[in-house]
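Keep in mind that what you see is a predicted model, and the values were worked out from it rather than measured.
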Amino acid sequence: MSHGRQADHPAPDHRRPGPRRPLQPAEGDAPFEPVTASDAPLSFDVPIRLSADNRVLGPFVRREGPARRFVYLRIGQMAGDHGSCWTRRAKIDIHDIPPLLLDRAREGRTLEVVLPGRGKDGSPACATVRPVSPWRAI
């Protein structure tokens, strides 16, 4: 697979570790448990709770309007990696998790989604990141 590149960003150097990526708390500014990207998949455990009407709540859940809920992952400098050339966030929507899966979460199951780590140009995925496979209960 070849990666394109934008003129204002350096080409990815796969010999060096990628940028740090921590969760961003809904309140406050401190990065939470940053993980350094590599070629291996990254995993983040995001604690949530569900309201009686299935709204997703928790310390990392942000909201936009009455219905949209999402989680931010900080990337590079926003993650405290001041030597990084990246200053980004990835937004992961969680308000559209199917109700059947929310029922599984209430039963104690873990919900999982797989997201791309890189954009089409080879740089860290950012903005609203769409899943490569749908949410599932594991």
Task: Minimum heavy-atom distance between G76 and S84, given as atom pair plus value - done: CA-OG, 3.5 Å
Which atom pairs, donor and acceptor, lie under 3.5 Å between side-chain atoms of residues 126-138 and protein residues at least two apart or in another chain?
from : atom 1 : to   : atom 2 : distance (Å)
T128 : OG1    : R68  : NH2    : 3.4
R130 : NH1    : D93  : OD2    : 3.4
R136 : NE     : E112 : OE1    : 2.7
R136 : NH2    : E112 : OE1    : 2.7

Task: Nearest heavy atoms of A125 and P116, plus distance in Å - done: CB-O, 3.4 Å
Open item on the list: Show the nearest heavy-atom pair for residues I75 and P124, with the distance to one decimal.
Closed with: CG2-CB, 3.7 Å
TODO: Could you tell me which non-hydrogen atom of P59 sits nearest to which non-hydrogen atom of P47, and how far apart they are?
DONE: CD-O, 3.9 Å
TODO: Assess R62 against F70: is NZ or CZ under 6.0 Å from the centre of the six-membered ring, and within 45 degrees of the ring's axis?
DONE: no
Side-chain donor-acceptor pairs of residues 100-107 under 3.5 Å, sequence neighbours excluded:
from : atom 1 : to   : atom 2 : distance (Å)
R104 : NH1    : L100 : O      : 3.2
R106 : NH2    : S51  : O      : 2.6
R106 : NH2    : N54  : OD1    : 2.7

- [ ] Please check if the side chain of Q77 supplies one atom and the backbone of T87 the other of a donor-acceptor pair under 3.5 Å.
- [x] no
Task: Rounded distance (nearest 0.5 Å) linking atom CG of L57 with atom CD1 of I48 - done: 8.5 Å
Open item on the list: My understanding is that only one of V113, V71, V46 makes a side-chain contact (heavy atoms from CB on, under 4.5 Å) with I94; could you say which?
Closed with: V71
Open item on the list: Would the distance check show the side chain of R49 and the main-chain N or O of V56 forming a donor-acceptor pair, the cut-off being under 3.5 Å?
Closed with: no
Open item on the list: Under the side chain to side chain donor-acceptor pair (under 3.5 Å) test against E64, which residue among R69, H95, K91 passes?
Closed with: K91
